[in-house]
Amino acid sequence: MGVLHPLSTMQGLSCFLFLSLACLGLGQDRVDYSGYKVLRVQARNEEEAGKLKSLEEEGLFDFWTEVRLGKHADVMASPQNIASLEAWIETNELASSIMIQDVAPLMEMEKMNVGPKDGVKAGHSMDWTSYHPLEDIYGWFDYLETTYDFIEAESIGQSYEGQEMVVLKV
């Protein structure tokens with residue numbers, strides 16, 4: 001038997017690690033949101049807000065909105081966990097309603113291209129299926145402001161990091 005060269009051993013291990021990680025990435029499926037529900041839960045007083053905050057801290061459910069006194073919190077639950085969320089709400093005597101009966105159709109709509117069907121963008125590259133840096137979003141704001149006379153961009157100050165915060169007035 002020959003002696004293995006350390007460099008060829010390292011290259012082999014590197015190649016194996018790379019291929020293993022690539023296979024892991026290929027095996028990841030998208031989450032199927034069929035049957036996921038979003039409940040709108042009211043925080044009518046400090047006690048109810050505290051209970052909702054405690055539930056949020058447990059990390060069992062996906063809180064879509066911040067828990068605030070006198071407001072509602074939107075909470076998403078999987079089909080496996082919806083019964084326990086509803087039971088918790090009932091036990092704690094909180095007011096709630098179903099905001100979204102099934103999240104899956106909304107997720108599918110989000111994946112659809114919102115531009116013209118022929119693939120030509122209408123003066124901007126904004127879509128709802130991609131990540132866009134802040135500069136692109138503000139560019140889209142500029143496009144909307146120049147295209148539509150009822151839209152006006154307005155700076156409302158700076159973030160903690162010094163980034164300009166721009167909103168659209170319609």
**OP:** Given side chain to side chain contact (heavy atoms under 4.5 Å, CB included), test V166 with E154 step by step and report yes or no.
**Re:** CA-CA 6 Å; V166 178; E154 179 180 320; over 6 Å; no
**OP:** I would like to know whether K37 and Q101 meet side chain to side chain contact (heavy atoms under 4.5 Å, CB included); could you show each step before the answer?
**Re:** CA-CA 5 Å; K37 290 183 182 181; Q101 182 68 35; 3.2 Å; yes
**OP:** Go through L60 and N81 one step at a time and tell me if the side chain to side chain contact (heavy atoms under 4.5 Å, CB included) criterion holds.
**Re:** CA-CA 8 Å; L60 299 173; N81 293 335; 5.5 Å; no
Subject >> Worked check of side chain to side chain contact (heavy atoms under 4.5 Å, CB included) between E56 and V67 >> reply: CA-CA 9 Å; E56 181 179 24; V67 176; 3.8 Å; yes
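Applying the salt bridge (charged side-chain N to carboxylate O under 4.0 Å, His left out) criterion to E66, with sequence neighbours excluded, gives no partner residue.
Residues I98 and W88 fall within the same hydrophobic cluster, defined by Ile, Leu, Val, Met, Phe, Trp and Tyr side chains chained together at heavy-atom separations under 4.5 Å. The cluster map of Ile, Leu, Val, Met, Phe, Trp and Tyr, joined by side-chain heavy atoms under 4.5 Å apart, puts W64 and V31 in the same cluster. One hydrophobic cluster holds both L106 and M99 under the rule that ILVMFWY side chains link at heavy-atom gaps under 4.5 Å. F141 and I151 fall within the same hydrophobic cluster, where Ile, Leu, Val, Met, Phe, Trp and Tyr residues are linked whenever their side-chain heavy atoms come under 4.5 Å apart, directly or through other members. Note on L85 and V41: same hydrophobic cluster, where clusters join Ile, Leu, Val, Met, Phe, Trp and Tyr whose side-chain heavy atoms are under 4.5 Å apart, directly or indirectly.
With rounding to the nearest 0.5 angstrom, the OG atom of S96 is 5.5 Å from the CG atom of L39. The distance from atom NZ of K51 to atom OG1 of T91, rounded to the nearest 0.5 Å, is 9.5 Å. For the atom pair D142 CG and I137 CD1, the distance stands at 12.5 Å (nearest 0.5 Å).
Here the side chains of V75 and D62 are not in contact, with every heavy-atom distance at 4.5 Å or above. Residues F61 and M76 fail the side-chain proximity criterion, which asks for heavy atoms closer than 4.5 Å. Q163 is listed as a side-chain neighbour of L134, based on a closest heavy-atom distance under 4.5 Å. A 4.5 Å side-chain heavy-atom check between H132 and W140 finds every atom pair outside the cut-off.
Judged by distance alone, the side chain of E145 and the main-chain N or O of A153 form a donor-acceptor pair under 3.5 Å. Panel note: side chain D102, backbone G35; a donor-acceptor pair is recorded below 3.5 Å. Of the possible donor and acceptor atoms, one in the side chain of Y138 sits under 3.5 Å from a partner among the backbone N and O of E164.
Across all non-hydrogen atoms, the minimal contact from R44 to E93 is NH2-O, 3.1 Å. Between I82 and A77, the shortest heavy-atom contact is CD1-CB, 3.8 Å. Here the shortest heavy-atom pairing between L94 and Q42 reads CD2-O, 4.3 Å. In this structure, H72 and T65 approach most closely via the heavy-atom pair O-OG1, 3.7 Å. Closest heavy-atom contact between L55 and F63: CD2-CZ, 4.0 Å. Shortest non-hydrogen contact noted between S34 and P79 is O-CG, 3.4 Å.
Contact check on E57 versus K53 returns no salt bridge, with no Lys/Arg side-chain nitrogen under 4.0 Å from an Asp/Glu carboxylate oxygen.
Aromatic ring orientation, Y36 versus Y33: perpendicular (interplanar angle above 60°, classes split at 30° and 60°).
Members clustered with V167: I156, M165, by chain and number, using a 4.5 Å side-chain heavy-atom cutoff among hydrophobic residues.
Screening residues 151-170 for ring-ring contact (aromatic ring centres under 6.0 Å, His included) gives no qualifying pairs among residues at least two apart or on separate chains.
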